[in-house]
Amino acid sequence: MGRGDLSDEEWARLEPHLPRSAGRGGRWQCHRRVINGILFRQRAGLPWRDLPSRFGKWKTVHDRHRRWSADGTWERILRAVQADADAKGLIDWSMVSVDSTSCRAHQHAAGAHSRPPRVPGRRSTPVQHRTDEALGRSRGGLTCKIHLAGEGGRRPLAFVITPGQWGDAPQLIPVLERTRVPRPAGGHPRTRPDHLGGDKAYSSRRNRRYLRRRQIKHTIPEPRNQRANRQRRGSKGGRPTGFDREIYRRRNEVERTINRLKVFRAVATRYDKRAYVFHGTVTVASIRLWLRT
């Protein structure tokens, strides 16, 4: 076993959720060796063609990652691993925090074809396809942004990929809508945390109405300009927002979650041209963090 490869314990937790060889065509190559190659590339950030020979053919590793990113297999594996952790009581729902981070796009991430991609072997487009490829220009140049919801154990629950110049507040609702942890025993998935934390970038009347409607307690500071507008409107401005300084201290958990994700160099710097492939890259990094529980 090489440095950074899946341990026997991690493989035992991951193997039951992997696809099986079925139907016409050739059999899958060894899943464990291919996934170790994907993890090696994500940790080192090297081109696919430079993968060491111990992982087999580089194209096999690349095509497996691209196919599973396109058809949503990585997403299903992440949900299954989260469900196992929730069944064992390993998810801290007491505090879920939201934040975002910018990822500088490498020059290799630019220049994708304008025509929409296709799922290999199918005629449909990938699940996470975006027409803008989640690339935009900001002060840092060509960047993309990861909007993340992390639980108290410093692991990602859900995330959204957007262009780098997009704001944080409009992405709060999409991130929470993607927070869905299935229950192995059946029933509706767990979607609502006990408490939500976020910085003042997420303070908006739309977000607060959404959280109140879903009965989610939240701690989000109110910016000065919003406070002044509310006070100027008098009774029509509504009640002052509550703020608990002690609970707000736990918001650093999502920042530490982002730091753990960016240990993977292919996440800290985007090398993938297609948005759905980069979404799969972040999903694989999230799966690895959940397997390290």
Full working for salt bridge (Lys or Arg N to Asp or Glu O under 4.0 Å) between Arg256 and Glu253: CA-CA 5 Å; Arg256 295 158 69 183; Glu253 294 169 352; 5.9 Å; no
Shortest non-hydrogen separation from Ala109 to Leu135 and the atoms involved: O-CD1, 3.5 Å
Side chains of Ile77 and Leu14: does their closest heavy-atom pair fall under 4.5 Å? yes
Checking His17 against Asp84: is there a side-chain donor and acceptor pair closer than 3.5 Å? yes
Tell me, which pairs form a side chain to side chain donor-acceptor pair (under 3.5 Å) where one or both residues lie in residues 85-105, sequence neighbours left out? Asp86-Trp93, Asp92-Ser94, Asp92-Arg250, Ser94-Arg250, Asp99-Arg251, Ser100-Asp168, Thr101-Lys262
Modelled atom types, side-chain donor and acceptor of Tyr210 and Arg214, under 3.5 Å: yes
Can Arg208 and Ser203 be counted as having a side-chain donor-acceptor contact under 3.5 angstrom? yes
Can the ring centroids of Trp48 and His65 be said to lie less than 6.0 angstrom from one another? yes
How are the rings of His31 and Trp68 set to each other: parallel, tilted or perpendicular (split at 30° and 60°)? tilted
Please examine the side chains of Ile258 and Ile146, heavy atoms only from C-beta on, and report whether any two atoms are closer than 4.5 Å. no
On a heavy-atom basis, which atom in Gly150 and which in Val254 lie closest, and how many Å separate them? N-CG2, 4.1 Å
Tyr271-His106 aromatic ring centre distance below 6.0 Å: yes
